[in-house]
Amino acid sequence: AEPTNTKEQVLHDAFQKFDVNGDGKIQAEEFQKLMKSLGSFSSKEIGRLFSEADTDGSGSVDWREFIKWICSGTATKKMSADSAASFARLLSRETRDEAAFAEQAAVSKQLTAYLKEANQDKSEADQLKEMKRKQNKALKQKEARASKNEAVGKHVNDASLGISDNYTGYRMALPVTMEGAQGLVHHYLLNGETDPLHPKYVNYLTTQFTATYKARHPKPVVWTETPKPGRLVVVGDTHGQLADVIHILSHLGTPSATNKFLFNGDMVDRGPYGVEILMILFSFFLADPECVIIHRGNHENEDMNALDADAGGGFIDEVMRKYGLMAYRRFVSAFKALSLCSVVEKEIFVVHGGLSRVTSMSIDYINSIDHTEVTAPHPMASDIKDQVFSDLVWSDPTEATGKFKSERGIGIKFGQDITTKFCMQNRLRFVIRSHQVPEDGRGYMKQHEGRCVTIFSASNYCGDGGNYGAVLVLDSQHFPRYEIIEHYAVPLEEMPKMLKTGAANSSASKEKQKADSEQATTAKRRERELEKMIIGVIEKKPALWAHLVDMNLGNLLPIDDWKDLMSEFVEGNHPWVDGANHWGIVNRFGKVEMGKFLNRWVVNMESEKYSSFLSSAVRHVYEAMVGLDMDLNKTLRLFDMNGDGSVELKEVRQVLGMFNLGLTSTQLDRLTGQIFSQA
């Protein structure tokens with residue numbers, strides 16, 4: 001059965017997450033594997049839940065059993081609050097891009113309300129009892145962790161962490177020292193992820209960082225100063241691009257008492273080295289908590305992390321691949337501790353995204369936000385403080401006056417008047433933010449008459465951006481004047497050689513690296529563009545066949561007509577003529593043979609029923625025609641309805657419609673194209 005409304009569609013999508021093999025039923029192994037990945041359920045509890053869902057005792061759960069299990073309230077009736085929350089998040093999570101994130105959140109909110117309506121079995125007394133139990137448990141766990149962390153911090157070594165003498169990777173001196181943190185940078189420079197840090201170190205660094213950072217910066221706003229003498233270096237988005245981080249630290253020096261760093265969010269997602277970047281930052285902070293401030297961006301967010309890397313996420317997949325689920329949960333705890341913004345020398349406001357929708361926004365109001373309960377508020381939250389929280393990590397500046405809804409679906413777009421008013425009311429000079437790749441390919445962008453400065457540090461973003469990266473340096477001797485230093489990092493594998501020769505930061509080296517990268521980027525962009533075009537053709541193939549048949553366009557189309565057809569049905573902005581030449585589908589008369597073109601790419605299905613679709617349908621038509629006992633001339637006339645001596649697509653389609661094949665109109669169009677292309 002197909003879903004009949006939005007709520008049911010959400011549940012149908014959830015059903016498909018369980019039904020890995022696509023047989024229309026959730027097997028016990030599939031159910032257990034997905035539920036275990038949540039980390040909130042024991043094997044015994046998973047077994048009980050599966051038995052409840054499997055109402056007919058068949059050993060599998062079909063769609064109707066699944067929806068009944070969810071909507072009756074049975075699914076969440078005996079779950080703890082944590083388990084129910086994890087389960088609801090599993091049901092609602094989708095792989096979508098950043099721009100559709102808010103839409104997904106709206107569906108998630110709808111689903112939560114739907115489940116709540118369907119589960120009214122618990123009384124208010126039961127809920128109150130559960131809440132008190134949870135609070136007491138959390139308090140005891142917090143006290144136990146604090147006691148354990150204090151003991152571990154004072155008396156820790158490899159043996160106490162459980163790191164054996166056989167471990168041949170990088171060994172850190174514990175508690176962490178500056179030399180140990182610098183050694184870790186060098187280790188990653190030489191090895192990347194090929195020689196990973198021991199999981200016990202990762203556990204220790206993440207846990208210790210979370211506790212120490214929360215204690216040192218309990219509020220969302222950090223009031224800080226430039227070291228005297230010394231400087232503060234503001235680093236923008238790095239997005240898992242370890243080469244950029246190592247380049248910055250190599251040329252500007254590692255964090256220290258006189259060389260303070262402020263990482264302005266989005267250290268993870270998209271790129272492959274988010275873990276390594278965080279390990280470096282955590283290590284320097286633990287060595288000297290005064291030398292590093294770390295802000296939360298919109299990607300230090302478990303919902304964003306759950307997206308695929310191509311859709312803007314990828315961090316959860318990275319951590320699961322390298323260190324497993326429990327390590328990721330520790331990173332989530334660390335994200336909850338990160339600051340939202342900083343004020344430098346009471347004069348400069350630094351935040352990942354931008355300003356808020358709230359009129360007369362004060363720093364004190366921002367500082368009253370409880371920022372440690374979640375990595376990010378629900379995008380559809382109606383609470384004002386939650387909205388401000390989201391605005392700080394999601395908003396973007398605009399050249400228009402005023403404030404507007406953002407096309408991102410979360411946060412706002414704020415104009416110069418909003419920036420000016422915020423600065424005047426809070427006695428600030430200007431705002432530093434990140435969050436966006438500057439449109440002109442630089443690593444920075446100045447807007448609002450210089451009062452809004454964007455710093456983006458991931459050069460050649462995602463491997464094909466072709467942009468510079470940059471950092472902003474505030475030297476105490478020249479404050480509030482600043483210097484912006486741009487870079488173009490070489491690939492990580494080339495960096496040891498470049499740093500050894502001292503050429504990595506020279507002007508000539510940057511330009512050559514950028515030119516080489518732009519050439520490679522152009523080729524990669526073309527390849528991606530062609531892939532998008534192919535996918536578009538595959539998705540629109542039924543509509544294209546139907547149009548060819550309905551309009552009786554024939555099998556050969558002039559290249560210009562073909563381009564117009566592709567632009568209308570697939571996507572108008574693609575370079576279709578270049579694509580046609582690349583695929584070699586234009587004949588010497590300047591025409592495209594549609595049958596061969598549309599059958600150039602096919603999606604292979606494992607289903608035996610689907611694989612035999614074409615042959616069985618053709619056999620059915622053949623047997624029916626034999627039964628008519630017609631000679632070849634009569635058979636030709638059956639197809640050649642207009643008597644012009646040739647058979648067109650539309651004529652084949654009309655003949656197929658005469659036979660009871662049990663196919664939909666779209667399937668008949670597809671069958672027509674398959675037969676015609678093979679004739």
Side-chain angles (χ1 to χ4, degrees), residues 97-103 105-106 234 236-237 264-266 295-299 301 304 312 340-341 343 347-363 365-366 369 376-377 379-458 461 465-468 470 472 480 482 484 572-573:
D97 62 24
E98 203 169 282
F101 184 60
E103 180 186 345
V234 180
D237 299 37
N264 199 24
D266 279 12
H295 284 177
R296 199 177 320 185
N298 61 304
H299 282 267
N301 172 343
M304 290 303 298
L340 297 186
C341 52
V343 180
E347 296 186 42
I348 300 172
F349 184 70
V350 187
V351 66
H352 176 74
L355 303 182
S356 175
R357 68 194 69 192
V358 174
T359 305
S360 301
M361 174 61 60
S362 70
I363 304 296
Y365 185 83
I366 296 173
I369 296 173
M380 306 304 293
S382 56
D383 180 80
I384 297 298
K385 288 187 177 180
D386 285 345
Q387 291 178 346
V388 173
F389 188 154
S390 293
D391 291 343
L392 293 172
V393 297
W394 279 97
S395 293
D396 300 295
T398 178
E399 295 305 322
T401 300
K403 48 193 173 187
F404 313 92
K405 183 178 180 180
S406 172
E407 64 270 14
R408 294 178 186 266
I410 315 176
I412 64 166
K413 295 183 80 68
F414 59 96
Q416 181 178 330
D417 56 322
I418 305 300
T419 301
T420 300
K421 184 177 180 181
F422 176 78
C423 289
M424 290 182 66
Q425 289 180 338
N426 291 280
R427 298 182 178 180
L428 299 167
R429 291 180 180 270
F430 59 92
V431 174
I432 301 172
R433 44 90 62 179
S434 302
H435 193 43
Q436 280 180 300
V437 184
E439 294 178 358
D440 61 0
R442 311 304 304 186
Y444 69 95
M445 178 169 56
K446 296 182 182 181
Q447 294 171 276
H448 301 172
E449 294 186 351
R451 279 198 141 169
C452 182
V453 183
T454 297
I455 295 295
F456 195 85
S457 300
Y461 185 42
N467 61 289
Y468 283 99
L472 185 147
Y482 59 84
I484 293 177
N573 295 324

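Small disclaimer: the values here were computed from a predicted structure and weren't measured.
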Discussion item. Treating Arg296 as the side-chain partner and Cys341 as the backbone partner, does any N or O pair qualify as donor plus acceptor under 3.5 Å?
Written reply: no

Discussion item. Check whether Asp396 reaches the backbone of Ile412 with its side chain - one donor and one acceptor, N or O, closer than 3.5 Å.
Written reply: no

Practice prompt. Show the numbers, then the answer: is there a side-chain contact (heavy atoms from CB on, under 4.5 Å) between Val388 and Ile369?
Written response: CA-CA 9 Å; Val388 173; Ile369 296 173; 3.8 Å; yes

Item to complete: Can you sort out the partners of His295 under ring-ring contact (aromatic ring centres under 6.0 Å, His included), two or more places apart, ordered by chain and number?
Response: none

Practice prompt. Return yes if some donor-acceptor pair links the side-chain N/O of Ser406 with the main-chain N/O of Gly411 below 3.5 Å, else return no.
Written response: no

Worksheet item: Roughly how far, to the nearest 0.5 Å, is the CZ atom of Phe404 from the CZ atom of Arg357?
Response: 14.0 Å

Worksheet item: Partners of Asp386 by side chain to side chain donor-acceptor pair (under 3.5 Å), sequence neighbours excluded?
Response: none

Worksheet item: Ser356: what forms a side chain to side chain donor-acceptor pair (under 3.5 Å) with it, not counting sequence neighbours?
Response: Asp391

Worksheet item: Should the pair Lys413-Glu407 be classified as a salt bridge under the 4.0 Å nitrogen-to-oxygen rule?
Response: yes

Worksheet item: Would Asp237 and His435 count as a side-chain hydrogen bond (donor to acceptor under 3.5 Å, both in side chains) if you check the C-alpha gap in whole Å, the side-chain angles of each, and the deciding distance to 0.1 Å?
Response: CA-CA 6 Å; Asp237 299 37; His435 193 43; 5.1 Å; no

Worksheet item: Residues two or more places apart in sequence or in another chain: which of them pass side chain to side chain donor-acceptor pair (under 3.5 Å) with Lys421?
Response: none

Practice prompt. Using only heavy-atom distances, determine whether the side chains of Glu399 and Gln416 contain a donor-acceptor pair under 3.5 Å.
Written response: no

Practice prompt. Answer whether the closest heavy-atom distance between the side chains of Pro438 and Phe456 falls below 4.5 Å.
Written response: yes

Discussion item. Counting the benzene-type ring for Trp, do Tyr444 and Tyr468 have ring centres under 6.0 Å apart?
Written reply: no

Worksheet item: Under 3.5 Å, is there a donor-acceptor pair between the side chain of Ser395 and the main chain of Gly354?
Response: no

Discussion item. Taking side chain to side chain donor-acceptor pair (under 3.5 Å) as the definition, give me every residue that meets it alongside Glu439, ordered by chain and number, with sequence neighbours left out.
Written reply: none

Fill in: Cationic N near anionic O, under 4.0 Å, Lys403 to Asp417
no

Item to complete: With Glu347 as reference, evaluate Arg427, Arg429, Arg451 under the salt bridge (Lys or Arg N to Asp or Glu O under 4.0 Å) test and give the passing residue.
Response: Arg429

Practice prompt. For Asn467 and Ala458, indicate whether the former's side chain and the latter's backbone hold a donor-acceptor pair under 3.5 Å.
Written response: yes

Fill in: Donor-acceptor under 3.5 Å (Ser434 side chain, Ile455 main chain)
yes

Discussion item. Looking at Tyr365, I'd like to know if the NZ or CZ of Lys385 sits under 6.0 Å from its six-membered ring centre while staying within 45 degrees of the ring's axis.
Written reply: yes

Discussion item. Quick test of your reading: applying ring-ring contact (aromatic ring centres under 6.0 Å, His included), list the pairs with at least one residue in residues 409-429, sequence neighbours left out, ordered by first then second residue.
Written reply: Phe349-Phe422, Phe414-His448

Worksheet item: Does the Asn426 side chain pair with the main chain of Leu428, one donor and one acceptor, at a distance under 3.5 Å?
Response: no

Discussion item. Using only atom types and a distance under 3.5 Å, with no angle test, would you say the side chain of Asn264 pairs donor to acceptor with the backbone of Val351?
Written reply: yes

